[in-house]
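Please read all numbers here as calculations on a predicted model, not as lab measurements. No hydrogens, no waters, no symmetry mates; every other heavy atom, side chains included, goes into these values. Residue numbers start from 1 in every chain, and the chains themselves are labelled A, B, ... in the order their sequence lines are given, proteins ahead of strands.
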There are 2 protein chains.
Amino acid sequence: MGRWPGGTQERLQEAAIELFTERGYERTTVAEIATRAGLTERTFYNHFADKREVLFPGQDRFIAEIREAVTAAPPKQSPLDAVLTAFTAGSNWFDQRRKAAQRRRNLLDAHAELRERERAKAAALGEAIACALRARGLSDPAATLTAAVSVAAHQLAAARWLADPRRGTLGHHLRAAFEDLHHTARTW
Amino acid sequence: MGRWPGGTQERLQEAAIELFTERGYERTTVAEIATRAGLTERTFYNHFADKREVLFPGQDRFIAEIREAVTAAPPKQSPLDAVLTAFTAGSNWFDQRRKAAQRRRNLLDAHAELRERERAKAAALGEAIACALRARGLSDPAATLTAAVSVAAHQLAAARWLADPRRGTLGHHLRAAFEDLHHTARTW
DNA sequence: ACGTTGATTGCAGAATCTGTAATCACTACT
DNA sequence: AGTAGTGATTACAGATTCTGCAATCAACGT
């Protein structure tokens, strides 16, 4: 570890969220983010592949964890239940960061360029889930379709979780969304 | 119409596909595309919002047509059938462009940056379908979930259509994919 | 002939992102 | 203490993407 004050990535993320909120995403330069964090533009790119990535910290690790959790779920569970338990397993982490998640969502909603990245991440999550489901023995096209609806249900649950005035847990909304999914699927 | 040779966008697209295939997406500059098309870099940006968009011609119109077709489908049809008929309606257009679609797919598969844009387009299609389904009276979350699985089924059908050695029509693969969807949904 | 229209072009410039090498602060070893 | 090694940060140059603005060009109508 160097002598520089730790938490470099966190400071860059914090600075980025502040500036994006103040002036908007396009009107903020990477150099400005770095300066507010007490660093240089080049250092920013040492930590994030591009300007958008600063708003998706730990996303790749999250995807990897979901993949492993789906793979490791009890073999007796149905594919959909395996995904639900995988989602629910780490949902506390989000419950403790509701406010930060809300600010992040406002930024994503305000800038199409950021939503594009979010959608790419969602698609990557779907592919990872499909891969894990196949590892459980599920065959295509069931794996692909199940993964797709799972991601859709997750997004639905996340949206309701953020909009919920009663502050229900993400786990609660996940279970509700998957219940809705079962109900809707019966109409197909 | 100006005096310049027509088909400017088509020429730019053709040049872009050629160069992307020859040298790869990243190693091709917009200036090179424009030069091969007999135009200038600035003209490229008069026709396409950014470098990626050149590979997604008419995508916005396609989405708009699907939205209208879903909205206009017979009210007696189930939501899923409405989407299927909307997809099938214009599928001949793709059947006549199989080879071009194949080259395009190879490019998308080879470059993550392009897949990201494709995923954004798919998400936009899903939102448009969800909107159309709500206009048909379907309520959330059914509209959102149905739209998501529809897009997934469409992608599945498109993938099989391109991989099919027997050259079945896209319409055939669409019906098969939606049939798989019905089957899979029963296991949820 | 003349003005209008729409597409194309030239040019300047900001911003993103990369490659390369140097610098810095700390650690470990002698 | 002194010295080499390590990893993070920095400086700098440069290619590329994308935008704004004004000028040019070729048709078309009157």
Please check if any side-chain donor atom of W188(A) sits under 3.5 Å from a side-chain acceptor atom of T146(B), or the reverse. yes
Ignoring hydrogens and geometry beyond distance, is a side-chain donor-acceptor pair present between S78(B) and D81(B) at under 3.5 Å? yes
Take the protein atom [atom1] of [X] and the nucleotide atom [atom2] of [N], then report the distance between them rounded to whole Å.
X: E41(A); N: dA8(D); atom1: CD; atom2: C1'; result: 17 Å
X: E53(A); N: dC17(C); atom1: CD; atom2: P; result: 10 Å
X: Y25(B); N: dC17(C); atom1: OH; atom2: P; result: 12 Å
X: E32(B); N: dT16(D); atom1: CD; atom2: P; result: 7 Å
X: F20(A); N: dA15(C); atom1: CZ; atom2: P; result: 13 Å
X: F44(B); N: dT8(C); atom1: CZ; atom2: P; result: 13 Å

Give the nucleotide from the list dT17(D), dT16(C), dT10(D) with an atom nearest to the side chain of T29(B). dT17(D)
If you take any heavy atom closer than 4.0 Å to DNA chain D, which residues from residues 109-122 of chain B end up in contact? none
Under 4.0 Å from any atom of DNA chain D, heavy atoms only: list the residues of residues 45-52 of chain A that qualify, in numerical order. N46(A), H47(A)
Salt bridge (Lys or Arg N to Asp or Glu O under 4.0 Å) between E118(A) and R119(B), worked out: CA-CA 10 Å; E118(A) 185 191 23; R119(B) 287 159 168 172; over 6 Å; no
Is there a path of hydrophobic side-chain contacts, each under 4.5 Å between heavy atoms of I, L, V, M, F, W or Y residues, that connects I17(A) with L114(A)? yes
Examine dA7(C): is either OP1 or OP2 under 4.0 Å from a nitrogen or oxygen in the side chain of T43(B)? Give yes or no. no
Check the phosphate of dT9(D) against T40(A), side-chain N and O only, distance under 4.0 Å to OP1 or OP2. Yes or no? no
Sidechain N-carboxylate O distance under 4.0 Å for E32(B), R27(B): no
Charged N-O contact under 4.0 Å between D140(A) and R160(B): no
For residues H111(B) and F20(B), determine if any side-chain heavy atom of one lies less than 4.5 Å from a side-chain heavy atom of the other. no
Distances under 3.5 Å between protein N/O atoms and the N/O atoms of nucleotides 21-23 of chain D, please, pair by pair.
none

Working for side chain to side chain contact (heavy atoms under 4.5 Å, CB included), residues H173(A) and T169(A): CA-CA 7 Å; H173(A) 286 287; T169(A) 67; over 6 Å; no
Using 30° and 60° as the class boundaries, would you call the ring planes of F87(B) and F178(B) parallel, tilted or perpendicular? perpendicular
Determine whether E14(A) and R36(A) satisfy the following criterion, salt bridge (Lys or Arg N to Asp or Glu O under 4.0 Å), listing intermediate values before the conclusion. CA-CA 9 Å; E14(A) 195 60 38; R36(A) 176 165 299 199; over 6 Å; no
Nearest 0.5 Å, what's the NZ-CG distance between K121(A) and L55(A)? 11.0 Å
